[in-house]
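Below is one structure; the comments refer to it alone.
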Amino acid sequence: MASTFDFASWPPSLTVDQLENLTLYATSYALSHGALYLPPAEPQPTVPSAAIHAPISLFPSPFPRQLYEQGRRIQRTYNVLYSRIAMDTEFLDKIMGAEEGVGKVDDFIGQLWRGWKKLRDAGLAQPLHLGLFRSDYLLHAPRNEPLSIKQVEFNTISVSFGGLSQKTSELHRQVYLLAATDYYNSSSYLKPDNFPSNDSIAGLAQGLAEAHKAYDVEGSRILFVVQSGERNVFDQRLLEYELLEKHSIRIIRQTFSELALSASVDPSTCVLRIARSPDLQPSGSIEISTVYFRAGYMPHDYPTPAHYDTRFLLESSKAIKCPTIALQLAGGKKVQEVLTQAGMLERFLSDEKKYGKNIASMQDIDELRASFMGMWGLDVSEDLLTPDYAAQAAGSEEFGVRKARDLAQSLVLKPQREGGVNNVYKESIPGFLDALAPQERQAWIAMELIDAPENAGNYLVRAGSTDSQSQTPVKTDVVSELGIFGWALFGGPDKSIDEREVGWLVRTKGKDSNEGGVATGFSVLDSLLLV
């Protein structure tokens with residue numbers, strides 16, 4: 001029997017010269033192969049003239065092979081689960097709506113839901129949805145229990161780093177550092193068989209290409225809706241280049257502010273057209289097949305009512321959205337919490353009357369459920385485990401808050417937000433609860449903290465800078481988060497689902513950092529070493 005991997009043995013030891021050389025090789029490769037950010041600037045120039053390498057680890061991070069395979073396996077089930085949630089209007093209205101759900105107390109969610117409801121009452125022009133997904137996990141290592149993977153969150157909008165994660169895995173494995181240096185023979189684990197392949201660029205681009213193909217209008221393009229001043233632009237460009245080179249699909253990139261001037265929807269055909277694109281004649285416009293949102297997931301993306309109006313204009317069109325508002329709402333933290341309630345997974349995955357033969361096995365459901373940590377809403381009562389969640393939640397704030405106070409040191413509180421830096425941890429929880437208005441409790445969930453393995457380490461290199469000191473690798477205890485990518489194209493009269501699992505991401509942060517977003521500066525891009 002193979003021995004258990006000792007996380008405290010990582011990273012391997014290097015001499016000062018070896019560490020310096022490995023850092024030079026890694027940063028040079030990143031700069032040469034597109035693992036890049038735009039440097040900080042306010043405002044960002046219209047035409048970039050410089051780039052810096054993304055933050056990276058020097059070694060790949062060890063991860064149990066069977067748990068990596070489990071994450072890949074259950075991604076297929078997660079793809080189906082969230083597709084069906086997005087098609088269940090009644091469920092989303094109850095959990096996320098502005099009349100009885102989260103949208104009643106969270107203005108951002110409420111704005112999106114009200115716009116969606118108005119559009120669907122008028123009749124949606126496009127029945128198909130496209131989801132590019134990422135399910136994020138940490139290793140869970142409670143004392144005297146076997147290692148497992150536990151889900152941090154499931155992302156349904158603007159899933160990032162599909163491009164840069166592949167570049168980082170290529171940096172570490174046989175494409176470069178392993179092939180060039182053998183990591184100075186510092187560990188017997190560092191061999192080709194332990195570096196899994198990662199084709200996330202091709203995989204995610206395939207999902208977008210399938211939506212474009214389903215739209216089936218020659219000469220149409222995919223619209224990338226992006227944030228102004230985006231520094232993570234190269235991650236997005238890698239998908240754009242893949243779509244052009246492998247699928248002959250051209251891309252238009254615009255912000256909500258630009259689209260307010262350029263986008264129009266034909267009232268009779270619901271065709272979305274973009275005018276005044278730089279590569280068209282001044283009077284020209286182009287039909288859009290698919291709208292891919294790399295913006296729109298945070299309130300600051302909608303600084304004025306006109307920005308919401310632009311989102312709803314796009315939603316009203318015949319173009320296939322990635323995601324639709326329904327699928328964005330399905331990715332809410334409240335939905336993640338409700339799915340832990342008894343009978344909820346069965347509702348979406350094993351209802352034979354509703355889904356016929358397209359149901360998951362109990363083994364698949366149990367394996368997915370095993371990835372959950374304990375969760376509850378701050379607004380729920382002591383009998384929160386009953387299937388009829390919506391009926392039990394009304395007017396029952398005290399138990400959820402009291403339980404969060406009692407267990408604060410082992411919890412994180414999460415709002416309905418993406419992008420990191422929004423959560424409340426441990427000792428900060430009691431004071432936060434004191435200040436939280438009772439009517440706002442419905443917008444928050446409490447989640448048990450995942451107990452990551454102790455003493456795992458790595459060398460972390462910050463994003464490129466003119467400061468030479470910032471390029472010195474820092475050896476520190478770390479926590480590594482695995483993300484599994486997938487896509488699903490679903491909907492239509494038969495509510496069919498075409499889906500795939502398409503690659504992975506690793507983000508590694510210092511042990512003392514709570515948040516894990518690379519773009520927010522808390523972590524580095526990493527890759528896997530299967531042990």
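Everything quoted here is computed from the prediction, not taken from an experiment.
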- prompt: Any side-chain heavy atom of Leu525 within less than 4.5 Å of one from Lys167?
  reply: no
- request: Evaluate whether atom CD of Gln66 has more than 12 neighbouring non-hydrogen atoms of other residues, nucleotides or ligands under 6.0 angstrom away.
  value: no
query: Between Phe490 and His129, how do the two ring planes meet: parallel, tilted or perpendicular, split at 30° and 60°?
result: parallel
field: N/O donor-acceptor pair under 3.5 Å between Asn458 side chain and Phe59 backbone
entry: yes
Candidate pair Lys150 and Asp451, rule salt bridge (charged side-chain N to carboxylate O under 4.0 Å, His left out), full reasoning: CA-CA 9 Å; Lys150 295 295 183 180; Asp451 191 5; over 6 Å; no
query: CZ/Arg231 to CG/Leu36 distance, rounded to the nearest 0.5 angstrom?
result: 11.5 Å
message: Within the structure provided, determine whether Val506 and Glu481 are in side-chain contact (heavy-atom separation under 4.5 Å).
response: no
Residue pair Tyr68 / Pro196, side-chain heavy-atom distance below 4.5 Å: yes
task: Identify the two heavy atoms, one from Leu378 and one from Arg441, that lie closest to each other, and give their separation to 0.1 Å.
output: CB-O, 3.7 Å
- prompt: What pair of heavy atoms forms the shortest contact from Gln75 to Ile484, and how long is it?
  reply: OE1-O, 3.3 Å
message: Side chains of Gln341 and Arg347: any donor to acceptor distance under 3.5 Å?
response: no
query: Which of parallel (below 30°), tilted (30 to 60°) and perpendicular (above 60°) describes His33 and Tyr29?
result: parallel
message: Salt bridge check, Lys321 against Glu315: does any charged N sit closer than 4.0 Å to a carboxylate O?
response: no
task: May I ask you to test the Leu314-Val225 pair for a side-chain heavy-atom distance under 4.5 Å?
output: yes
- prompt: Would you say the ring centroid of Trp113 lies under 6.0 angstrom from that of Phe108?
  reply: no
- prompt: Can we call the ring centroids of Phe348 and Tyr355 under 6.0 Å apart?
  reply: no
- request: I would like to know whether Lys495 and Asp88 meet salt bridge (charged side-chain N to carboxylate O under 4.0 Å, His left out); could you show each step before the answer?
  value: CA-CA 11 Å; Lys495 297 190 174 182; Asp88 194 326; over 6 Å; no
message: Test side-chain hydrogen bond (donor to acceptor under 3.5 Å, both in side chains) on Arg173 and Asn198; report intermediate values, then the result.
response: CA-CA 10 Å; Arg173 69 180 189 206; Asn198 185 19; over 6 Å; no
message: Looking at every heavy atom in both Ala86 and Ala326, which two are closest together, and how far apart are they?
response: O-CB, 3.6 Å
field: Within 6.0 Å of NZ in Lys354, more than 12 heavy atoms from elsewhere
entry: yes
- request: Grab the two heavy atoms, one from Tyr78 and one from Ser371, that are nearest each other, plus how far apart they are.
  value: OH-OG, 2.8 Å
- prompt: Is it true that the side chains of Ser289 and His212 contain a donor and an acceptor less than 3.5 Å apart?
  reply: yes
query: Could you walk me through whether Ser480 and Thr508 pass the side-chain hydrogen bond (donor to acceptor under 3.5 Å, both in side chains) check?
result: CA-CA 4 Å; Ser480 295; Thr508 292; 2.7 Å; yes
message: Looking at Asp235 and Arg237, is there a salt bridge between them, counting it only when a charged N and a carboxylate O are closer than 4.0 Å?
response: no
task: Evaluate the criterion side-chain hydrogen bond (donor to acceptor under 3.5 Å, both in side chains) for residue pair Glu170 and Gln166; output intermediate values, then yes/no.
output: CA-CA 6 Å; Glu170 291 169 353; Gln166 179 174 325; 3.1 Å; yes
message: Within the structure provided, determine whether Glu346 and Met362 are in side-chain contact (heavy-atom separation under 4.5 Å).
response: yes
message: Whether the side chain of Asn79 engages the backbone of Arg500 through a donor-acceptor N/O pair (distance < 3.5 Å, no angle test) should be reported.
response: yes
message: So that I know where these two stand, are Phe485 and Phe133 an aromatic pair - ring centroids less than 6.0 Å apart?
response: no
query: Are any non-hydrogen side-chain atoms of Lys117 and Thr89 less than 4.5 angstrom apart?
result: no
message: In the structure I gave you, are the side-chain heavy atoms of Pro60 and Tyr183 within less than 4.5 Å of one another anywhere?
response: yes
- prompt: What is the minimum heavy-atom distance between Ala443 and Gln416, and which atoms define it?
  reply: O-NE2, 2.9 Å
- request: State, with a plain yes or no, whether a side-chain heavy atom of Thr340 is found less than 4.5 Å away from one of Trp376.
  value: no
task: Scan side-chain atoms only and decide if Ser61 and Asp526 contain a donor-acceptor pair under the 3.5 Å cut-off.
output: yes
query: What closest approach, in Å, do Trp504 and Ser169 show between heavy atoms, and which atom pair accounts for it?
result: CH2-CB, 3.6 Å
message: The test is salt bridge (charged side-chain N to carboxylate O under 4.0 Å, His left out); show your working for Lys403 and Asp406 and say whether it passes.
response: CA-CA 5 Å; Lys403 187 176 180 182; Asp406 292 343; over 6 Å; no
message: Less than 3.5 Å apart, any donor N or O on the side chain of Ser135 or Gln151 sitting next to an acceptor on the other?
response: yes
field: Parallel, tilted or perpendicular, as decided by the 30° and 60° cut-offs, for the rings of Tyr37 and Phe161
entry: tilted
query: Could you walk me through whether Lys94 and Glu100 pass the salt bridge (charged side-chain N to carboxylate O under 4.0 Å, His left out) check?
result: CA-CA 6 Å; Lys94 285 183 178 179; Glu100 54 182 317; over 6 Å; no
- prompt: Do Phe154 and Tyr82 have ring centres separated by under 6.0 Å?
  reply: yes
query: In terms of heavy-atom contacts, does CG of Asp494 have more than 12 from other residues, nucleotides or ligands at under 6.0 Å?
result: yes
